[in-house]
Trainee: 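Structure incoming, see below.
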Amino acid sequence: MTETRDYKPTLNLPKTSFPMKANLAQAEPATLARWQATDVHGAIAAARVSAQPFIFHDGPPYANGSIHVGHLLNKVLKDIVVRSVLMEGRACHYIPGWDCHGLPIEHRVMTTLVESGKAAKLDTLSDDHRRMAIRRECAAYATKFIKTQAVQMQRLLTLADYANPYFTMQPEYEAGTLGVFASLLEQGFVFRQLKPVHWSIANQTALAEAELEYEDRVDPSIYVDFEAADRTKVDAVFGIECECTPSFMIWTTTPWTLPANLAIAVHPAQQYALVEMDGTLTIVAAEMLAKVSAIVGATAVETLATARGSALVGLEYRHPFCDRVSRIVAAEYVTMEDGTGLVHTAPGHGDDDYRTGLREGLEIYCPVQGDGTFDATVPAWLRGKIVWDANPLVVDHLQASGHLVHALQFTHSYPHDWRSRTPVIFRATEQWFIGVDRAAGGTGRSLRAMAMDAVTTSIKFVPQWGQSRLKGMLESRPDWCISRQRAWGLPIPAFRTANDEVFMTAASVRAIAQCVRTKGSDAWFTLAPAELLASYDAAGDGDAPKDLCIETLTKMYDIFDVWFEAGSSWHSVLQQRGVGFPSELYLEGSDQHRGWFQLSMLPALGVMGTTPFRTLLTHGFLVDKDGRKMSKSLGNALDVEVLLKDFGAEVARWWVSGVAYDGDIRIDLDYFKVAGESYRKVRNTLRFLLSNLYDAPAWTQEEVVNIASNATPESIDRWLMGELADLEANARSAYNEYDFRRVHLAIFNFCNETLSSVYCAAVKDRLYCDPADSPRRRQTQAVARVAVEVLCRLLAPFLPHTAEEAWMALRGAGAPLLFTQTHLGLPRRSDPRWDVVMVARGAVSKALEGAKTLGIDNPLDAAVTLPDASGTLGPFARELADLCGVSQVTLDAKATSVTVADLRSIPRCDRSWRRDGTVRQRSDGGMLSDRDAISVGV
RNA sequence: GCGCCAGUAGCUCAGCUGGCUAGAGCACACCCCUGAUAAGGGUGAGGUCGAUGGUUCGAGUCCAUUCUGGCGCACCA
């Protein structure tokens with residue numbers, strides 16, 4: 001009887017400093033601190049100075065609040081691009097940026113000022129001083145959140161030039177924006193035009209949507225008859241003969257806008273009825289007739305005829321109290337919910353009306369002045385009256401003239417100025433526009449034409465559907481209104497001359513840009529026109545008015561739409577900083593088709609004649625587990641801080657890398673748990689490989705690749721080298737196509753299946769039991785090391801911390817930076833025989849499962865006979881037992897299925913636990929196989 | 001209301017130009033290992049492919065309608 005000896009100390013068991021537990025929440029900040037202390041960004045940049053550049057431009061997030069999961073997604077995707085490009089050996093100078101100006105910040109700041117009572121004091125200051133006071137607060141606010149977000153973004157382990165970020169409020173950036181504007185102005189894309197805006201009478205200013213508060217208000221709701229100008233034409237439309245002149249009945253809750261009425265809109269597809277209503281002939285939508293009759297209290301109503309709205313178009317009517325004739329127009333927005341189906345249209349007092357007016361060539365007529373009073377163009381009885389006082393006057397007047405069908409008091413929600421709490425009006429004012437249909441510039445083509453061209457022919461879209469999306473938006477977009485009446489922004493540097501004309505030329509804008517470049521846009525508020533225009537040469541400016549007198553100029557106070565600033569970043573950042581133009585890629589959420597994508601390409605097309613990007617990559621929005629949007633109010637928003645604390649940035653990054661980013665992306669804590677599990681799987685696989693390299697020779701990279709590649713074609717090692725080469729090639733091409741999910745799945749499957757399940761299991765025996773320095777074991781170590789080398793590089797864009805951790809465990813503390821390395825570029829050598837081998841392996845697994853009923857629970861207790869009619873398996877005989885995890889494999893050309901034999905009756909090696917048929921008692925008394933006897937030296 | 005997108009096992013997703021019993025991973029169940037061990041391995045059970053109606057010899061895959069959800073736009077005179 002033999003005694004069982006303990007051979008464990010004689011085995012080459014795994015050892016490694018690479019821990020199983022990642023401990024990311026603690027380890028990542030340490031890594032980050034090390035990166036910052038050693039200026040890893042600078043070192044990587046230096047290593048790639050002469051490499052082929054990949055120009056990638058960051059779209060600026062808004063400097064407001066902490067980052068949310070949307071930022072996480074966007075920034076990590078961008079970082080994966082940056083790092084995967086670096087791993088390809090290219091240079092990627094990536095500058096993070098922030099959008100600083102604009103209403104959300106100004107609104108926040110103003111709210112604080114109002115609450116603290118400081119706002120009242122501001123009102124006592126001069127325009128310049130008041131604006132400067134607000135701007136100082138806003139700048140401080142933006143700066144604060146830039147700092148916050150920069151820290152948070154770095155915590156996501158993103159690699160970027162955080163030491164030199166760009167902000168849209170930087171003087172050089174602002175000057176760059178003005179430069180872009182000057183070029184557009186020079187080429188004739190910019191113009192000034194009337195447009196209705198929300199207007200606060202109390203503060204004499206335009207307001208943005210965010211500055212409105214909706215409160216209930218009681219207004220007169222009136223039904224008014226507008227008499228047809230030509231009875232016979234109405235007769236023709238309805239096909240009857242009227243006994244008296246019919247009227248078109250409209251409804252409005254703003255009687256004061258009636259003086260500005262220039263049209264009546266009908267829906268072209270709706271039916272309109274000519275009715276006799278209590279003795280008068282009137283026209284209303286057929287569908288609204290019953291409702292209207294009821295409201296106005298008509299007793300005798302008879303429909304005489306009907307006609308489609310489209311037939312009414314072109315008919316004319318007489319204004320009830322202004323001396324003019326206007327016409328019926330068609331509008332799709334006319335609904336059958338309220339009113340009469342005929343819509344009072346005043347292009348100077350409504351957005352829809354404005355659009356209709358533009359389309360129909362109507363005047364954008366606004367007889368209401370900034371102080372809310374009527375000007376001299378209205379009938380005498382309204383002149384100088386405030387619009388609110390005009391309401392009852394209009395009603396009375398209509399009543400007296402017999403045009404009023406009905407009037408009642410009507411309570412509805414109405415916009416109010418959030419500061420003065422007074423009702424606002426809609427009033428046409430002069431605004432600056434960039435025309436999208438103006439044939440201008442060197443090419444004489446419109447921005448829309450150029451944009452459509454670029455979208456259909458030159459821009460690459462990822463995913464492809466971005467193309468139709470952007471196209472649809474460009475087709476329908478109106479002219480771009482770039483002016484805002486606010487304090488927090490980049491001033492549109494226009495002046496008013498003594499004779500009330502607007503002065504702004506390309507040369508004057510450039511002169512001011514020069515001033516702004518050194519003093520910032522605050523200069524507009526602190527300097528006099530003459531100082532601002534110090535470098536301006538009026539005499540040399542062909543566009544300047546002849547009698548220009550700089551001394552008498554006054555500053556105008558519109559600022560730029562923030563989108564114009566962000567949309568100029570390709571110049572203010574890429575060109576001005578010498579990064580290069582255009583950017584290879586813009587990568588943002590799908591909302592940016594309307595925003596940054598589109599509003600960057602328009603200025604660039606105008607100035608450069610080309611888009612500022614070659615490829616547009618867009619990702620969907622994050623939604624919750626049930627597909628609903630994330631929002632604070634629903635309480636389904638995930639907190640980035642919590643994610644980082646509970647899972648670490650790397651698990652979050654791993655999750656991002658595996659997400660299908662086209663379309664909605666569901667996000668939930670559970671998905672991070674799943675990502676955490678698969679991260680651990682990859683980590684442990686890496687750990688197993690590393691742990692078997694503790695005693696490997698210090699091969700150079702070239703040496704290991706050589707040794708590994710020279711394995712015999714029928715060895716497991718050679719098989720893995722082939723798989724590695726495939727993985728590397730597939731992953732690189734997927735990275736190149738921004739298909740990170742494919743990379744993620746390929747890496748995971750490789751670790752899970754190829755390595756963990758097949759290779760590592762098969763190779764364990766030789767790693768543990770072969771003599772430490774045997775050629776077979778060394779070769780496997782070489783292959784294992786190549787596997788780690790490849791995986792570190794492939795994983796690096798997703799998991800910069802973990803990849804580096806593994807890299808240093810492999811190469812030691814003195815290792816070069818992982819991001820200065822490039823992919824190995826292993827040659828692909830496919831050997832179809834391995835498919836046969838793997839099919840056989842699968843068959844063995846199933847057969848072994850069946851053998852469990854025979855009591856063979858442990859595969860090492862089994863010998864297996866494989867059918868090999870074709871003889872393909874023959875050359876692989878030596879490796880098959882290891883591959884199948886059994887003690888012995890024999891091949892049988894005549895067999896048709898796998899058979900399992902029970903080896904429990906033959907001796908088991910005390911050291912390797914195998915029953916390979918060579919096991920016998922050795923000189924030390926132990927039962928050992930031949931191989932193990934040699935290993936132990938007995 | 002308009003434009004774009006998505007809807008396949010409990011979950012995340014593959015399924016190209018229509019063609020054998022619809023695939024993978026995770027989770028789950030059962031089992032093995034205990035020399036990757038708060039690890040590792042094996043086997044297995046899961047789906048009327050959002051709904052309806054068409055085209056076709058044949059549809060998850062094409063067409064129409066519809067429902068649900070997302071992004072953007074417009075609208076409340």
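Chain naming here is simple, since letters A, B, ... match the order of the sequence lines and numbering starts at 1 in each.
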Trainee: Tell me whether the rings of A:H198 and A:F426 are parallel (<30°), tilted (30 to 60°) or perpendicular (>60°).
Mentor: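 Perpendicular.
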
Trainee: It should be established whether A:S756 places a side-chain nitrogen or oxygen under 4.0 Å from OP1 or OP2 of nucleotide B:G41.
Mentor: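 True: A:S756 side-chain N/O within range (under 4.0 Å) of B:G41 OP1/OP2.
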
Trainee: How close or far is atom P of B:U37 from atom CZ of A:R683, stated in whole angstroms?
Mentor: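 In whole Å, B:U37 P and A:R683 CZ are 13 Å from each other.
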
Trainee: Counting only side-chain N and O atoms of A:Y414, is one of them less than 4.0 Å from OP1 or OP2 of B:C76?
Mentor: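 A:Y414 to B:C76 OP1/OP2: no side-chain N or O under 4.0 Å.
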
Trainee: Tell me which nucleotide among B:C32, B:A36, B:C4 gets nearest to the side chain of A:Y768.
Mentor: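 Looking only at heavy atoms from C-beta outward on A:Y768, the closest nucleotide is B:A36.
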
Trainee: Could you tell me how far apart A:N752 (CG) and B:A36 (P) are, to the nearest whole angstrom?
Mentor: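 Checked: the CG to P distance equals 17 Å.
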
Trainee: Could you state the atom-to-atom distance from NZ of A:K8 to C1' of B:A36 in whole Å?
Mentor: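 In whole Å, B:A36 C1' and A:K8 NZ are 12 Å from each other.
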
Trainee: Assign A:R911 to base, sugar-phosphate, or nothing according to its heavy-atom contacts below 4.0 angstrom with the strands shown.
Mentor: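 Base contact - A:R911 has a heavy atom under 4.0 Å of at least one base atom.
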
Trainee: Out of B:U37, B:C4, B:G35, which has the shortest distance to the side chain of A:S468?
Mentor: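 Among the listed nucleotides, the one closest to the side chain of A:S468 is B:C4.
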
Trainee: In whole Å, measure the gap between the P atoms of B:G54 and B:U61 for me.
Mentor: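 Between the two P atoms, the distance is 15 Å.
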
Trainee: Ignoring the backbone of A:D591, work out which of B:U37, B:G72, B:G69 is nearest its side chain.
Mentor: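 Closest of the options to the side chain of A:D591: B:G72.
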
Trainee: Let's test this: given Watson-Crick or G-U wobble pairing with both distances under 3.5 Å, identify the partner of B:C4.
Mentor: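 Base-paired to B:G70.
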
Trainee: Would you say the side-chain atoms of A:E805 pair up with the backbone N or O of A:F18, donor to acceptor, closer than 3.5 Å?
Mentor: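 No, A:E805 side chain to A:F18 backbone: no donor-acceptor pair under 3.5 Å.
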
Trainee: Hey, what's the ring geometry for A:H349 with A:W256, parallel, tilted or perpendicular (30° and 60° as the breaks)?
Mentor: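 Answer is perpendicular, since the angle exceeds 60°.
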
Trainee: For the side chain of A:C760, counting heavy atoms from C-beta on, which of B:G42, B:A36, B:G35 is nearest?
Mentor: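 Looking only at side-chain atoms, A:C760 lies closest to B:A36.
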
Trainee: Can you tell me if A:K681 touches the phosphate of B:G41, counting only side-chain N or O atoms and a distance under 4.0 Å to OP1 or OP2?
Mentor: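 Answer yes for this pair, as a side-chain N or O of A:K681 is under 4.0 Å from OP1 or OP2.
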
Trainee: With respect to the phosphate group of B:A36, does any side-chain polar atom (N or O) of A:K764 fall under 4.0 Å of OP1 or OP2?
Mentor: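 Indeed, a polar side-chain atom of A:K764 lies that close.
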
Trainee: What distance, rounded to whole Å, do you find between the two C1' atoms, one in B:A9 and one in B:A45?
Mentor: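 Their C1' atoms lie roughly 11 Å apart.
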
Trainee: Check whether any side-chain N or O of A:R687 sits under 4.0 Å from OP1 or OP2 of B:U37, and answer yes or no.
Mentor: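 Looking at the OP1 and OP2 atoms of B:U37, one of them is under 4.0 Å from a side-chain N or O of A:R687.
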
Trainee: Taking any strand in view, what nucleotide pairs with B:C28 in a Watson-Crick or G-U wobble way, both distances under 3.5 Å?
Mentor: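 Its partner is B:G44 (Watson-Crick or G-U wobble, both distances under 3.5 Å).
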
Trainee: Just compare B:G72, B:U43, B:G70 and give me whichever is closest to any side-chain atom of A:V623.
Mentor: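 Among the listed nucleotides, the one closest to the side chain of A:V623 is B:G70.
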
Trainee: Counting heavy atoms from C-beta on, name the nucleotide in B:C71, B:A36, B:G44 closest to the side chain of A:K846.
Mentor: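 Nucleotide nearest to A:K846's side chain: B:G44.
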
Trainee: In terms of ring plane angle, is the pair A:F798 and A:F740 parallel, tilted or perpendicular, where the classes change at 30° and 60°?
Mentor: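 Plane angle over 60°, so perpendicular.
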
Trainee: Can you work out whether A:N749 or A:G663 has the more 5'-proximal nearest nucleotide on RNA chain B?
Mentor: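 That would be A:G663.
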
Trainee: I'd like to check, for A:F621, whether its ring lies over the base of B:G72 with centroids under 5.5 Å apart and a plane angle smaller than 30°.
Mentor: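 Aromatic stack with B:G72 absent for A:F621.
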
Trainee: OP1, OP2 of B:U12 versus side-chain N and O of A:Y671: anything below 4.0 Å?
Mentor: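 Yes.
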
Trainee: Does B:U37 have its OP1 or OP2 closer than 4.0 Å to a side-chain nitrogen or oxygen of A:N684?
Mentor: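 It does not, given that no N or O in the side chain of A:N684 lies less than 4.0 Å from OP1 or OP2 of B:U37.
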
Trainee: Heavy atoms under 4.0 Å, any strand shown: does A:R666 hit a base, just sugar-phosphate, or nothing?
Mentor: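 The residue A:R666 makes sugar-phosphate contact but no base contact.
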
Trainee: From the list B:A77, B:C13, B:C76, which nucleotide is the closest neighbour of the side chain of A:T254?
Mentor: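 Shortest atom-to-atom distance from the side chain points to B:A77.
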
Trainee: Check the distance between B:G42's P and A:D861's CG and give it to me in whole angstrom.
Mentor: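 Checked: the CG to P distance equals 18 Å.
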
Trainee: Write down the distance between CZ (A:F748) and P (B:A14), rounded to a whole number of angstrom.
Mentor: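 Computing the A:F748:CZ to B:A14:P distance gives 17 Å.
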
Trainee: Should A:D902 and A:R904 be marked as a salt bridge (charged side-chain N to carboxylate O under 4.0 Å, His left out) after you check the CA-CA gap, both sets of side-chain angles, and the distance that decides it?
Mentor: CA-CA 6 Å; A:D902 191 346; A:R904 279 177 294 176; 2.7 Å; yes

Trainee: Roughly how many Å is it from CH2 in A:W256 to C1' in B:A77, rounded to a whole number?
Mentor: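 Rounded to whole Å, this separation is 12 Å.
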
Trainee: Can you tell me how far C1' of B:A24 sits from CD1 of A:I747, to the nearest Å?
Mentor: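 For the pair A:I747 CD1 and B:A24 C1', the rounded distance is 17 Å.
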
Trainee: Looking only at side-chain N and O atoms, does A:K852 come under 4.0 Å of OP1 or OP2 in B:C31?
Mentor: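 No, outside the criterion.
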
Trainee: Using atom CG of A:D662 as one end and atom P of B:U12 as the other, report the distance to the nearest whole Å.
Mentor: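 In whole Å, B:U12 P and A:D662 CG are 15 Å from each other.
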
Trainee: For A:P14 and for A:W251, find the nucleotide of RNA chain B with the closest heavy atom, then tell me which residue's nucleotide is more 5'.
Mentor: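 Its nearest nucleotide being more 5', the pick is A:P14.
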
Trainee: Side chains of A:T253 and A:Y414: donor-acceptor distance under 3.5 Å anywhere?
Mentor: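 Judged by distance alone, the side chains do not pair up.
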
Trainee: Considering only B:G70, B:U43, B:C13, which nucleotide approaches the side chain of A:A660 most closely?
Mentor: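 Closest nucleotide to the A:A660 side chain: B:C13.
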
Trainee: Decide side chain to side chain donor-acceptor pair (under 3.5 Å) for A:R911 and A:T10; before the verdict, give the C-alpha distance in whole Å, the side-chain angles of both, and the deciding distance to 0.1 Å.
Mentor: CA-CA 8 Å; A:R911 188 165 178 271; A:T10 72; 2.7 Å; yes

Trainee: Let's test your reading of the model: under 3.5 Å, does the base of B:C73 pair with the side chain of A:R477 as donor and acceptor?
Mentor: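 For A:R477, whose side chain was compared with the base of B:C73, there is no donor-acceptor pair (under 3.5 Å).
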
Trainee: Checking A:F248 against A:V266 for the side-chain contact (heavy atoms from CB on, under 4.5 Å) test, could you report, in this order, the C-alpha distance in whole Å, the side-chain angles of both residues, the deciding distance, and whether it holds?
Mentor: CA-CA 10 Å; A:F248 299 97; A:V266 296; over 6 Å; no

Trainee: Whether A:S757 contacts B:G42 is assessed here as follows: a side-chain N or O lying under 4.0 Å from the phosphate OP1 or OP2. Is that the case?
Mentor: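 The answer is yes; a side-chain N or O of A:S757 sits under 4.0 Å from OP1 or OP2.
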
Trainee: Counting any heavy atom closer than 4.0 Å, what does A:H344 reach on the DNA or RNA strands: base, sugar-phosphate only, or nothing?
Mentor: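 Contact class for A:H344: sugar-phosphate only.
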
Trainee: Is B:G46 syn or anti, taking syn as a glycosidic angle within 90° of 0?
Mentor: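 The base of B:G46 is oriented syn (glycosidic angle within 90° of 0).
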
Trainee: Mind checking who B:C75 pairs with, Watson-Crick or G-U wobble, both distances under 3.5 Å?
Mentor: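 Checking every strand shown, B:C75 finds no partner, since no pair has both distances under 3.5 Å.
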
Trainee: From the set B:G35, B:C75, B:G72, return the single nucleotide nearest to any side-chain atom of A:R355.
Mentor: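 Side chain of A:R355 sits closest to B:C75.
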
Trainee: Work out how far the P atom of B:C49 is from that of B:C11, and round it to whole angstrom.
Mentor: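 Per the computed distance, 15 Å lies between those P atoms.
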
Trainee: My understanding is that a pair needs two contacts under 3.5 Å, Watson-Crick or G-U wobble. By that rule, which nucleotide pairs with B:C62?
Mentor: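 Here B:C62 is engaged in a pair, and the nucleotide opposite it is B:G54.
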
